[in-house]
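A quick write-up on the structure given underneath.
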Amino acid sequence: MLGLLYLQDNPVTKVAQNAFVFTNRVKKKVQIFLDCSRFEVMPTTQSTTDLHCLSLTSVTSFITSKSAALTLALSGYFCSSISPRSASYNCTQCNVGTKSISHADSISKCVNCPPGGYYQDEPGRNYCKQCVTGTYVSPTTAPGRTAADCHVCPEGTNTNGYAEYRACYCLNNYYRLDRFGACYNCSSDLGKKCQNDIVSVAPGYWWSWEIWNDSTTTKSVGQEEEQQYIYFVKNLTNPGGSYSNFSVNFTETLPKIHQCLLNESCQGRKIGTSARIKSEDMCSIGYEGTLCSQCSDGYYSWFQR
């Protein structure tokens, strides 16, 4: 027996006048949801039918049964019980700029379309539309409510691809310090190697967050900045929407990169990807210290090597 009929986004504009008049004996009302603006003439209903008019331009809200709410929750609606013991549910279309998702405290809830390559210009949707290639919605503009909220990705990015959850990916041999900011040419700085939006130390080069006070002591004044950069890099390498909003950029200054006295003494490394980056981590086996210029225990220099 028919209990629910959902016709949103259906292109039908005309049905028989008695199409929603059911001759069979029903025990409960039939719930019908449709975009009434499409119909040239509204069909006739009866006392055993609840007809709900939906809209593609404005938010609608109504009270319905749990079975109808479960269906609507999958179709762009926020549905929750009127009271803990009630069998009735209040369902409201998610507004533009949002989409519906399942939720533990209610059948569903509405969440904003994330910054990056997403927007939604229609209410009552369970997905976000994708910006055209080479465009994105900035965090200050999000959630995107129209296609016009998608702006051209910043300088140094690949505008031939979709932005996804950032301001487009960087071009090859470019890096960034802001998930939603510009990318910088790696070739402009000696000793940098860039891949997948991340800057690395190239082989033959070395860096350290520590500042040297004299020949015998060091002061790790850059440890906090280093940890911030590690969090940023780990966050940036997350391609999905589960990244942290607290580490979307790195606002401090990266350490200066120095060329090693012997190229083979410094192996280089991708910086920011381990729990703790030490200068020794960039030295080849048998080398340690500043610029990897010292021999490790058990090793000795041979013809300046």
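Computed over heavy atoms, backbone and side chain alike; hydrogens, waters and symmetry mates excluded. Source: prediction; values computed, not measured.
In this model, a donor atom of one side chain and an acceptor atom of the other lie less than 3.5 Å apart for S187 and N173. E164 and Y169 share a side-chain donor-acceptor pair at under 3.5 Å.
Once rounded to the nearest 0.5 Å, the distance linking OG of S81 with OH of Y89 reads 4.5 Å. Note that SG of C128 is 5.0 Å distant from NZ of K99, once rounded to the nearest 0.5 Å. Rounding to the nearest 0.5 Å places OG of S265 at 11.0 Å from CH2 of W206. Residue C113 holds its SG atom at 10.5 Å from CG of D149, rounded to the nearest 0.5 Å. Taking OG of S86 as the start and CD1 of I63 as the end, the distance is 8.0 Å to the nearest 0.5 Å.
A continuous path of ILVMFWY side-chain contacts below 4.5 Å connects Y184 to F232, so both sit in one hydrophobic cluster. Linking ILVMFWY residues whenever their side-chain heavy atoms come closer than 4.5 Å, directly or via other members, leaves L177 and V248 in distinct clusters.
Side chain of D189 to backbone of C186: no donor-acceptor contact under 3.5 angstrom is found. Counting only distance, with no hydrogens or angles, the side chain of T133 and the backbone of Y162 share no donor-acceptor pair below 3.5 Å. Q120 places a side-chain N or O within donor-acceptor distance of the main-chain N or O of Y127, the cut-off being under 3.5 Å. Between the side chain of N126 and the backbone N or O of L74 there is at least one donor-acceptor pair closer than 3.5 Å. Side-chain atoms of Q294 never come within 3.5 Å of backbone atoms of G289 as a donor-acceptor pair (strictly under, hydrogens ignored). Between the side chain of R125 and the main chain of N95, no donor-acceptor pair closer than 3.5 Å is present. Under the 3.5 Å distance criterion, the side-chain polar atoms of R176 are matched with a main-chain donor or acceptor of A167. With hydrogens and angles disregarded, no donor-acceptor distance shorter than 3.5 Å links the side chain of N249 to the backbone of T251. With hydrogens and angles ignored, the 3.5 Å screen pairs a side-chain donor or acceptor of N238 with a backbone N or O of G240.
Atom CD of E155 has 12 or fewer heavy atoms from other residues, nucleotides or ligands within 6.0 Å. Residue-environment remark: NZ (K192) exceeds the threshold of 12 foreign heavy atoms within 6.0 Å.
When the SG-SG distance for C94 and C110 is compared with the 2.5 Å cut-off, it comes out below that value. Not less than 2.5 angstrom separates the SG atom of C170 from that of C194. In this structure, C292 and C260 have their SG atoms no less than 2.5 Å from one another.
Between C131 and Y118, the closest heavy-atom pair is SG-N, 3.7 Å. The minimum heavy-atom distance linking I198 with Y175 is given by the pair C-CB, 4.0 Å.
By the 4.0 Å N-to-carboxylate-O rule, R145 lies too far from D121 to be salt-bridged with it. A salt bridge does not link R179 to D197: none of the charged nitrogens lies less than 4.0 Å from a carboxylate oxygen.
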Under the side-chain contact (heavy atoms from CB on, under 4.5 Å) criterion, do L190 and Y205 qualify, and how do the steps go? CA-CA 9 Å; L190 198 63; Y205 293 85; 3.2 Å; yes

What's the verdict on side-chain contact (heavy atoms from CB on, under 4.5 Å) for C295 and Y287, showing C-alpha distance, side-chain angles and the deciding distance? CA-CA 5 Å; C295 292; Y287 297 89; 5.7 Å; no

Test disulfide bond (SG atoms under 2.5 Å apart) on C79 and C91 and set out the steps. CA-CA 4 Å; C79 297; C91 290; 2.2 Å; yes

Derivation and outcome, side chain to side chain donor-acceptor pair (under 3.5 Å), residues T237 and N196: CA-CA 8 Å; T237 54; N196 299 327; over 6 Å; no

Going through the distances and angles, do K129 and E122 end up as a side-chain contact (heavy atoms from CB on, under 4.5 Å)? CA-CA 10 Å; K129 295 181 179 179; E122 295 177 315; 3.6 Å; yes

Output, in order, the C-alpha distance, side-chain angles, deciding distance and verdict of side chain to side chain donor-acceptor pair (under 3.5 Å) for S244 and S247. CA-CA 6 Å; S244 170; S247 301; 4.6 Å; no

Mind running side-chain contact (heavy atoms from CB on, under 4.5 Å) on Q228 and F250 for me, showing each step along the way? CA-CA 7 Å; Q228 290 175 8; F250 179 73; 4.1 Å; yes

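Using the six-membered ring where Trp is involved, Y229 and W207 have ring planes that are perpendicular, over 60° apart on the 30 and 60° scheme.
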